[in-house]
2 protein chains.
Amino acid sequence: MSDRPSIPQPSLRRLPLYYRLVSLNHDKKLAYTSSRDLGLTANVPAARVRKDLSYLGERGRPGVGYDTELLMQRLETFLGLINDKEAVLVGVGNLGRALALYPGFARYGLKIAGLFDIDPAKIGQMVGTLKIMDQSRLPDLVRRWRIQMGIIAVPAQAAQGVAEKLIRSGISVIWNFAPVTLVVPPYVLVKDEDLAVDLATLSHQIVERDQAR
Amino acid sequence: MSDRPSIPQPSLRRLPLYYRLVSLNHDKKLAYTSSRDLGLTANVPAARVRKDLSYLGERGRPGVGYDTELLMQRLETFLGLINDKEAVLVGVGNLGRALALYPGFARYGLKIAGLFDIDPAKIGQMVGTLKIMDQSRLPDLVRRWRIQMGIIAVPAQAAQGVAEKLIRSGISVIWNFAPVTLVVPPYVLVKDEDLAVDLATLSHQIVERDQAR
DNA sequence: CTATGATTGTGCCAGAATGCACAAAGGGAG
DNA sequence: CTCCCTTTGTGCATTCTGGCACAATCATAG
């Protein structure tokens, strides 16, 4: 059925970088954006940009570039940024708090609809415009508001338990900031985010670079 | 000159995940760790794990697995985790605060040695054991302590300026949390960390999955 | 000492991703 | 209208990455 050639993973990861520049150019009221400029912000050759964008079906104008407005809309649609994604955030520690208050998410269609923690001292506190609630109220709120995404920002030991609770409540997308591999049913989409993993690869690159002298 | 077969990028990104399980098994006093188990935590087939580990030169014992202690040390060396990395963090907003207080970094050899901000109201405040300092004191501290890494957690508009200041002070590794592409000299190593980029790819995956029904 | 079961190391092939080069298309000057 | 400059779209060859299968190796039981 879906015989359209699905986009390669590496291309998909570059699209958000293109989106950054396109939004910027849109704000600057630049009518066109060239593949060369897009390549500069994503650190890839211009030909790669064009090939990536060809997966979207969007066509640029030779001699001019891509229509900024059109391309922005196309990226927003393709990346699903125009779809509202409501989420609950579990674990309001330092990281959880930062996520809850991060202003950039709104532009990407993410709206955090509820904060949960297990620490009685935190229940009732306000973070921005949201009040921290006890986890016992989570299932009810998720079902009532038909929330599809859960953000896990609890310590590693608690993460699997939270994931199971989220899934039992009907959530099928998890953005996981705990440094563990979650075990979930196949229909659940999990995106892991582990700063330590990136730190480790950076660390290796430092070693490699310094050895090269 | 350096004709050693450098490790493929995808393999490098998996190593920290292996390291997670190996550390765990080490704590559990398990003498050996199998490629099968490593594959489960990284979501890859066991054969891939073995090939990845072969880049390290480490050999497992057929019929048994990899020596947990040895493999852990090997990964720590290869990833450079045993090398202390001192860093200054610029921009103590919500994210910067969370990074400064993140407990997991120590295990990866990262030590944050100084916090800086430009907001007069924040100067002098304590975050954990560190006092927030004015950016004017940054160059001196970086030079005196021979700090090599800078962590940028300021708003997008300020990031390029901060990067230049860090580089002028002698820093050659930047962990960038601002959603911009920094322009830096070639000898400077930059690792970008953009939650919105990952959110966007997750968002696309949601669209794709939901369309598949 | 032998047989058995488990696990590693790796060669080979298929598939994915990349880089290059060039034809095609649009814009603008004269 | 024609020439020239700029930028896109993409076919092709190359390189990189992944999966599979199987021989080689080691531990253990009898």
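Labels below follow one simple rule: chain letters A, B, ... track the order of the sequence lines, proteins then strands, and each chain is numbered from 1.
Contact annotation: B:Arg50 does not reach the phosphate of C:dT7 (side-chain N/O to OP1 or OP2, under 4.0 Å). For D:dC26, the OP1/OP2 oxygens have no side-chain nitrogen or oxygen of B:Tyr32 closer than 4.0 Å. Considering only side-chain N and O atoms, A:Arg61 lies nowhere under 4.0 angstrom from the phosphate OP1 or OP2 of D:dT8. Note on A:Arg14: a side-chain N or O is less than 4.0 Å away from OP1 or OP2 of C:dT18. Between A:Ser35 and D:dT8 there is a side-chain polar atom (N or O) within less than 4.0 angstrom of OP1 or OP2. For A:Arg59, a side-chain nitrogen or oxygen approaches OP1 or OP2 of D:dT10 to under 4.0 Å. Of the side-chain N and O atoms in A:Tyr55, none sit less than 4.0 angstrom from OP1 or OP2 of D:dG9.
What separates CG of A:Leu70 from P of D:dT8 is a distance of 15 Å, to the nearest Å. A:Leu56 has its CG atom 16 Å from the C1' atom of D:dT10, to the nearest Å. Regarding B:Gln9, its CD atom lies at a distance of 16 Å from the C1' atom of D:dG18, rounded to whole Å. The NZ atom of B:Lys51 sits 15 Å away from the P atom of D:dC16 (whole-angstrom rounding). To the nearest angstrom, C1' of C:dA25 lies 17 Å from CG of A:Asp67. Put simply, OH on B:Tyr66 is 13 Å from C1' on D:dT25, counting in whole angstrom units. Put simply, CZ on A:Arg48 is 17 Å from P on D:dC12, counting in whole angstrom units. Atom CG of B:Asp37 and atom C1' of C:dA6 are 13 Å apart (whole Å).
Side-chain contact, A:Arg209 with B:Ser172: a donor N or O sits under 3.5 Å from an acceptor N or O.
Checking C:dA17, D:dT8, C:dG19 against every side-chain atom of A:Ser34, the shortest atom distance belongs to D:dT8. Distances were taken from every side-chain heavy atom of A:Val64 (C-beta onward) to each of C:dT18, C:dG9, C:dG27; the shortest belongs to C:dG27. Nearest nucleotide to the A:Pro62 side chain, out of D:dT17, D:dG19, D:dT8: D:dT8.
One finds a salt bridge joining A:Arg20 and B:Asp194 here, because a Lys/Arg side-chain nitrogen approaches an Asp/Glu carboxylate oxygen to under 4.0 Å.
For B:Asp52 and B:Ala47, each mapped to the nucleotide of DNA chain D holding its nearest heavy atom, the one lying further toward the 5' end belongs to B:Asp52. Take the nearest nucleotide of DNA chain C for A:Ser11 and for B:Glu58: the residue whose nucleotide is more 5' is B:Glu58.
No donor-acceptor pair closer than 3.5 Å links the side chain of B:Lys191 to the backbone N or O of B:Leu189.
For A:Tyr108 and A:Phe105, the gap between ring centers reaches or exceeds 6.0 Å.
Between B:Met149 and the choices B:Ile174, B:Val88, B:Leu110, the side chain to side chain contact (heavy atoms under 4.5 Å, CB included) rule is met once, by B:Leu110.
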